[in-house]
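So the structure is just underneath, and the comments pick up after that.
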Amino acid sequence: IAWIQIPGTTVDYPVVLTDDTDYYLNHTFAGRKSYLGTLFSLGKTDYHTPGKNIAVYGHHIRSNSQIMFSPLLSYKKQSFYAGHETIYLDSLYHSDTYIIFAVVNMRDGDWDPSTSSFANDLDFLDYVHRAKSQSLYETGVKVSAEDQVLTLITCDRSYIPTYGRLVVIAVKQEP
């Protein structure tokens, strides 16, 4: 469904759209069995319109900080953010640029960062406010009710063993 790239990192991968997340947790894009898995979005994600939030999941590989979503852990340091704040997402429908506005450590189940649709603008802004208030640092990036966001989700066992997550959220830039 898409290709994601974060300049200055090794994140440069295809993204699949699936309801079979178990399969893509341990299979490559080419269908080979692998602990690396494949980056994926849940089937409810709207890439066509697109929806208010496109969420992409990927593994953090502790044994190699340069593959899959492992480089995202570098965003825990604000010094890394400067110069690496841009994300490109090329889908079958759009080529978009995003700027990171929040980097959040959380426990799996605390809240749903993959929420893809919101009842109204207030619900969306509540999502944005929660992300910003829990962010590890202030980025100064503004997000309005009219915006769309991209949410990258990976494990962070250094935060909480088994249930720790790192969530990197970016706002779409208008061309």
Side-chain angles (χ1 to χ4, degrees), residues 1-17 38-42 44-60 65-106 110-118 120-156 159 164-175:
I1 192 77
W3 194 278
I4 190 167
Q5 181 183 32
I6 304 176
T9 76
T10 55
V11 175
D12 191 4
Y13 296 107
V15 179
V16 298
L17 185 66
T38 300
L39 301 184
F40 65 85
S41 289
L42 302 176
K44 66 183 179 180
T45 307
D46 180 5
Y47 276 86
H48 189 263
T49 306
K52 294 296 279 181
N53 182 17
I54 293 175
V56 179
Y57 291 85
H59 280 310
H60 163 227
S65 64
Q66 298 304 308
I67 56 178
M68 302 313 287
F69 269 179
S70 298
L72 295 183
L73 270 69
S74 297
Y75 285 104
K76 291 174 72 167
K77 296 180 185 153
Q78 189 170 7
S79 59
F80 182 82
Y81 171 83
H84 300 96
E85 62 276 358
T86 304
I87 302 171
Y88 297 107
L89 185 71
D90 294 317
S91 76
L92 296 174
Y93 311 102
H94 306 276
S95 291
D96 296 308
T97 302
Y98 295 82
I99 302 296
I100 296 168
F101 71 87
V103 178
V104 178
N105 263 135
M106 61 173 279
D110 282 353
W111 60 290
D112 184 7
S114 72
T115 300
S116 59
S117 60
F118 301 86
N120 53 47
D121 288 347
L122 186 57
D123 281 355
F124 175 70
L125 289 174
D126 284 346
Y127 173 92
V128 169
H129 175 72
R130 182 174 199 160
K132 284 185 155 222
S133 68
Q134 294 181 5
S135 186
L136 299 175
Y137 47 85
E138 173 62 42
T139 64
V141 176
K142 305 292 183 218
V143 182
S144 73
E146 294 77 35
D147 286 324
Q148 297 164 330
V149 299
L150 172 66
T151 303
L152 310 181
I153 304 165
T154 194
C155 293
D156 185 359
Y159 177 65
R165 299 290 181 267
L166 183 72
V167 181
V168 175
I169 310 171
V171 61
K172 181 178 164 186
Q173 301 301 289
E174 292 305 317

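Any value given below was found using the heavy atoms of this structure, including those in side chains, with hydrogens, waters and symmetry copies removed. One is the number of the first residue; the rest follow in order along the sequence. Computed from a predicted model, the values in this text were never measured in an experiment.
Between Phe124 and Phe118, the ring planes lie perpendicular to each other; the angle is over 60°, past the 30° to 60° tilted range.
The structure places CG of Asp110 at 10.5 Å from CZ of Arg165, a figure rounded to the nearest 0.5 Å. Atom-to-atom distance recorded for Lys142:NZ and Phe101:CZ is 12.0 Å, nearest 0.5 angstrom. With rounding to the nearest 0.5 Å, the separation of CG in Asp90 from CG in Asp96 is 8.0 Å. The CG atom of Leu73 sits 9.5 Å away from atom SG of Cys155, with the distance rounded to the nearest 0.5 Å. Atom OG1 in Thr115 sits 13.0 Å away from atom NZ in Lys52 (nearest 0.5 Å). Atom NE2 of His59 and atom OG of Ser70 lie 10.0 Å apart (nearest 0.5 Å).
By the ring-ring contact (aromatic ring centres under 6.0 Å, His included) test, Phe80 is found to be paired with Tyr75, His84, residues two or more places apart in sequence or in another chain being considered. Contacts of Thr10 classified as side chain to side chain contact (heavy atoms under 4.5 Å, CB included), with partners at least two apart in sequence or in another chain: Gln66, Pro71. Remark: Asp46 pairs with His48, Thr49 by the side chain to side chain contact (heavy atoms under 4.5 Å, CB included) rule, at least two apart or across chains.
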(request) Could you give me the CA-CA distance, side-chain angles and deciding distance for Phe40 and Leu17, then say whether side chain to side chain contact (heavy atoms under 4.5 Å, CB included) is met? (result) CA-CA 6 Å; Phe40 65 85; Leu17 185 66; over 6 Å; no
(request) Determine, stepwise, if the pair Leu72 / Ile6 fulfils side chain to side chain contact (heavy atoms under 4.5 Å, CB included). (result) CA-CA 10 Å; Leu72 295 183; Ile6 304 176; 3.8 Å; yes
(request) Show your reasoning for whether side chain to side chain contact (heavy atoms under 4.5 Å, CB included) applies to Gln134 and Trp111. (result) CA-CA 11 Å; Gln134 294 181 5; Trp111 60 290; 3.2 Å; yes
(message) Under the criterion side chain to side chain contact (heavy atoms under 4.5 Å, CB included), I'd like the reasoning laid out for Val16 against Ile1: C-alpha separation, chi angles, the key distance, then a yes or no.
(response) CA-CA 5 Å; Val16 298; Ile1 192 77; 5.7 Å; no
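Side chain of Thr45 to backbone of Ser41: no donor-acceptor contact under 3.5 angstrom is found. Using modelled atom types, no side-chain atom of Tyr98 and backbone atom of Gln173 make a donor-acceptor pair closer than 3.5 Å. In this structure a side-chain-to-backbone donor-acceptor pair under 3.5 Å is missing from Ser135 to Glu138. Listed for the Glu146 side chain is no donor-acceptor partner under 3.5 Å among the backbone atoms of Ser144. The main-chain N or O of Ala102 is never found under 3.5 Å from a side-chain atom of Lys132 such that the two would form a donor-acceptor pair.
In plain terms, the two heavy atoms of Pro14 and Leu39 that are nearest each other are O-CB, 3.6 Å. Residue Leu150 comes nearest to Leu89 through the heavy atom pair CD1-CD2, 4.0 Å, listed as atom of the first residue, atom of the second, then distance. Residues Tyr127 and Asp112 approach most closely at CE1-O, 3.9 Å, considering heavy atoms. Residues Asp147 and Lys172 approach most closely at OD1-O, 4.4 Å, considering heavy atoms. Taking all atoms of both residues into account, the shortest heavy-atom contact from Ala131 to Val104 is O-CG2, 3.4 Å. Nearest approach of Leu125 to Val143, heavy atoms of both residues: CD2-O, 4.3 Å.
Side-chain contact between Ile153 and Phe69 is absent, with no heavy-atom pair separated by less than 4.5 Å.
Between Tyr88 and Trp3, the gap from one ring centroid to the other reaches at least 6.0 Å.
Judged by distance alone, the side chains of Asn53 and Thr151 do bring a donor and an acceptor atom under 3.5 Å apart.
At a threshold of 4.0 Å, the pair Lys76-Asp156 counts as salt-bridged, since one of the basic side-chain nitrogens sits closer than that to a carboxylate oxygen.
For the side chain to side chain contact (heavy atoms under 4.5 Å, CB included) test with Tyr57, the passing option among Thr154, Leu42, Leu152 is Leu42; the others fail.
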